[in-house]
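Order of the sequence lines fixes the chain letters, A, B, ..., with proteins taken first and strands second; residue numbering starts at 1 for each chain.
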Protein chains: 2
Amino acid sequence: MTIPAEDAPDALPARVGYLDVKRAVMDRIRGGIWGPGALLPGEVTLAEELGCARATVNRALTELSEEGIVDRKRRAGTRVRTAPRRLARLEIPLVREEIEDGGAAYRYALIRREIGTCPSWLRGRLGLAANAKVLDIECIHYADDQPFQVEERWIVIDTIPAAATVDFTSEGPNEWLVATVPFSDIRVSLGAEPAPEHVADHLGLAPGEAVFTAERTTWLEDQPVTFARLSFRRGYRMTMES
Amino acid sequence: MTIPAEDAPDALPARVGYLDVKRAVMDRIRGGIWGPGALLPGEVTLAEELGCARATVNRALTELSEEGIVDRKRRAGTRVRTAPRRLARLEIPLVREEIEDGGAAYRYALIRREIGTCPSWLRGRLGLAANAKVLDIECIHYADDQPFQVEERWIVIDTIPAAATVDFTSEGPNEWLVATVPFSDIRVSLGAEPAPEHVADHLGLAPGEAVFTAERTTWLEDQPVTFARLSFRRGYRMTMES
DNA sequence: ATCATTATTATGTCTAGACATGAGAGGGCA
DNA sequence: TGCCCTCTCATGTCTAGACATAATAATGAT
């Protein structure tokens, strides 16, 4: 029996925390000791084995379950997922932050701003009445004076009346909304489209060229707030980890 | 003072759980009582106010912090985020499940399978030596006999030697990998590209037509496992909520 | 005035023990 | 055999108390 060095993979620190438990479990899974579908020991057993309280093991396993690595069921126990949920958390950044984080200078320009009735294709998505009024905005975000993203946005005036009084010449609607609307439910849809003419113009693309679009619909307490279609410059890729 | 009905928004149940605390906090944020940037009471105060233990409040606030709604710092306290992290968890499903969940019949077809040296553009991404061998696979996933996704995949043989002996005629490489490789770190990149000719052929697109692509790189313990480029059929959108 | 040190404070985590809950296992009965 | 009821057990959650830690505020020395 060897005495493991302090930083050896299986060395446990004086005080065993939930991160140590997670690591220990992950090591066993990665090492093939607990293969896909394997049933882990119960929380009580694991806690004794690792030298900590059951609550600590519980927190570790709960997090591993949220991360899609194991599957937990009462009475049935904890199993390594056969088909790990390949999930990733995608953070949709504010354009300004994304551009400035990339070391470029951010610039914003408003193209169009008008109030009118909601187009029918959008009424369906948002569940609005036929005569609902929306604020329709089109603007561009530049990185070092190169067009980075075209934003087409519709804001439901009934839900956010204050929006009607903002002119959005110096600040983008997204930043204004984020600072104004307290919190909201979001649905995002990503896809590829042939660039419509006005988008192609602004982004310097050939009409019909492939453009990456993100559509974001926002609700506040079941009230539709806004719909935005973001079209990104050529070659843009959205990345995420874990 | 009125006696609130049992299901009124501020009615608290006999036993106050962390979900009740989350709800109570969210109600105050949405109701504008705690606007963006506001400092919440400390955990001890909140616990007394709501009638539960501090650990319960802690769990609630910790989750709200993970969800990007509040910001917590030691000594400084808990604040409502001024710019809520617009994050969403994106689950990249197994194609088969995605197709079958959509009520369509799944079919798989292998197009190409060969072992060779790793192309240089991929060597860079994976950090491989010049003479590294990879298994190069191209296949299609059909939904109701319509092409749904073209998968181009490279598997690093040094990391997963067993892959070299699988023929992948009846099972897709993704499903095989998921059932074989215990767990892994993933990086996903989403974008829009003009369809290269061989992809356009398989998906029934015009060459150069916009195609949505997901690129996924997978590691196991810092060892590169596989790189996959998934090209989706026309009009496909990837959606996520919250 | 400036810098280093100490005190304070809110969050972060752990523990031991308790009760709640959901679901599988087993038994009894028709 | 097939159905329903109860039993049992692993996880889910809560509590009260304790110590750990990071970051700010206050203090003291130069």
Side-chain angles (χ1 to χ4, degrees), chain A residues 6 11-26 28-29 33-34 36-82 84-85, chain B residues 6 11-26 28-29 33-34 36-82 84-85:
Chain A
E6 264 202 4
L12 287 179
R15 182 70 167 275
V16 177
Y18 77 99
L19 290 173
D20 301 310
V21 177
K22 279 180 81 169
R23 215 182 345 262
V25 172
M26 284 302 291
R28 283 171 172 72
I29 292 178
I33 298 172
W34 293 331
L39 178 68
L40 309 213
E43 294 184 347
V44 180
T45 315
L46 256 180
E48 282 166 7
E49 191 181 314
L50 297 174
C52 62
R54 181 172 84 91
T56 305
V57 172
N58 182 278
R59 175 160 183 190
L61 292 182
T62 301
E63 287 197 1
L64 287 177
S65 160
E66 275 164 10
E67 288 162 24
I69 292 160
V70 300
D71 214 7
R72 316 194 76 205
K73 274 206 299 238
R74 290 182 193 209
R75 167 84 212 200
T78 304
R79 287 180 182 279
V80 180
R81 287 187 93 100
T82 30
R85 274 158 62 209
Chain B
E6 265 202 3
L12 288 178
R15 184 72 167 275
V16 177
Y18 77 99
L19 290 172
D20 302 309
V21 177
K22 279 181 80 168
R23 213 181 347 262
V25 171
M26 283 303 291
R28 283 170 172 73
I29 292 178
I33 298 172
W34 295 330
L39 178 67
L40 309 213
E43 294 183 348
V44 181
T45 315
L46 257 181
E48 283 166 7
E49 191 180 314
L50 297 175
C52 63
R54 182 171 84 89
T56 306
V57 173
N58 182 278
R59 175 160 183 190
L61 293 182
T62 301
E63 286 197 1
L64 288 177
S65 160
E66 274 164 12
E67 288 162 23
I69 291 161
V70 300
D71 214 7
R72 316 193 78 203
K73 275 207 298 240
R74 288 180 193 205
R75 165 87 210 202
T78 304
R79 288 179 182 279
V80 180
R81 289 187 91 99
T82 31
R85 273 158 64 208

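- Looking at A:S65 and A:R72, their side chains never bring a donor and an acceptor atom within 3.5 Å of each other.
- A salt bridge between A:R81 and A:D71 is present, with a side-chain N of the basic residue lying under 4.0 Å from a carboxylate O of the acidic one.
- Regarding A:L46, its CG atom lies at a distance of 14 Å from the P atom of C:dT15, rounded to whole Å.
- A donor-acceptor contact under 3.5 Å links the side chain of A:R54 to the base of D:dG12.
- The base of D:dT8 sits within donor-acceptor range of the side chain of A:R75, with an N or O pair under 3.5 Å.
- Using a 4.0 Å heavy-atom cutoff across all strands shown, A:A55 reaches at least one base atom of the nucleic acid.
- For the pair A:R72 CZ and C:dG24 P, the interatomic distance rounds to 16 Å; values are reported in whole Å.
- Nearest-nucleotide mapping onto DNA chain D: of A:K73 and B:K73, the residue sitting toward the 5' end is A:K73.
- The distance between atom CG of A:L50 and atom P of C:dT13, rounded to the nearest whole Å, is 18 Å.
- When the side-chain nitrogen and oxygen atoms of A:Y18 are compared with OP1 and OP2 of C:dT13, one or more of them lie within a distance under 4.0 Å.
- Counting to the nearest Å, the P atom of C:dA18 and the CZ atom of B:R15 are 14 Å from each other.
- Closest non-hydrogen pair, A:V16 versus A:C52, comes out as O-CB, 3.8 Å.
- OP1 or OP2 of C:dG24 has not a single side-chain nitrogen or oxygen of A:R74 nearer than 4.0 Å.
- Place A:L19 and A:A76 on DNA chain C by their nearest nucleotides, and A:L19 ends up nearer the 5' end.
- Following rounding to the nearest Å, A:L39 (CG) and D:dT11 (C1') show an atom-to-atom distance of 12 Å.
- When each of B:L61, B:V57, B:T45, B:L64 is checked for a side-chain contact (heavy atoms from CB on, under 4.5 Å) with B:L40, only B:L61 meets the rule.
- Ion pairing between a basic and an acidic side chain is recognised when a charged N comes within 4.0 Å of a carboxylate O; A:E49 and A:R54 show no such pairing.
- We find that CD of A:E66 is positioned 16 Å from P of D:dT11, with the value rounded to whole Å.
- Straight-line distance from the CD atom of A:E43 to the P atom of D:dG12: 6 Å, rounded to whole Å.
- For the OP1/OP2 pair of C:dT15 and a distance below 4.0 Å, the side-chain nitrogens and oxygens of A:T56 include at least one atom meeting the criterion.
- Of all nucleotides listed (D:dG12, D:dA16, C:dG12), D:dG12 comes nearest to the side chain of A:N58.
- Side-chain N/O atoms of A:R59 include one lying less than 4.0 angstrom from OP1 or OP2 on C:dT13.
- In this structure, A:T78 reaches the D:dT11 phosphate: one of its side-chain N or O atoms is under 4.0 Å from OP1 or OP2.
- Here the P atom of nucleotide C:dT11 and the CG atom of B:L61 are 7 Å apart, to the nearest Å.
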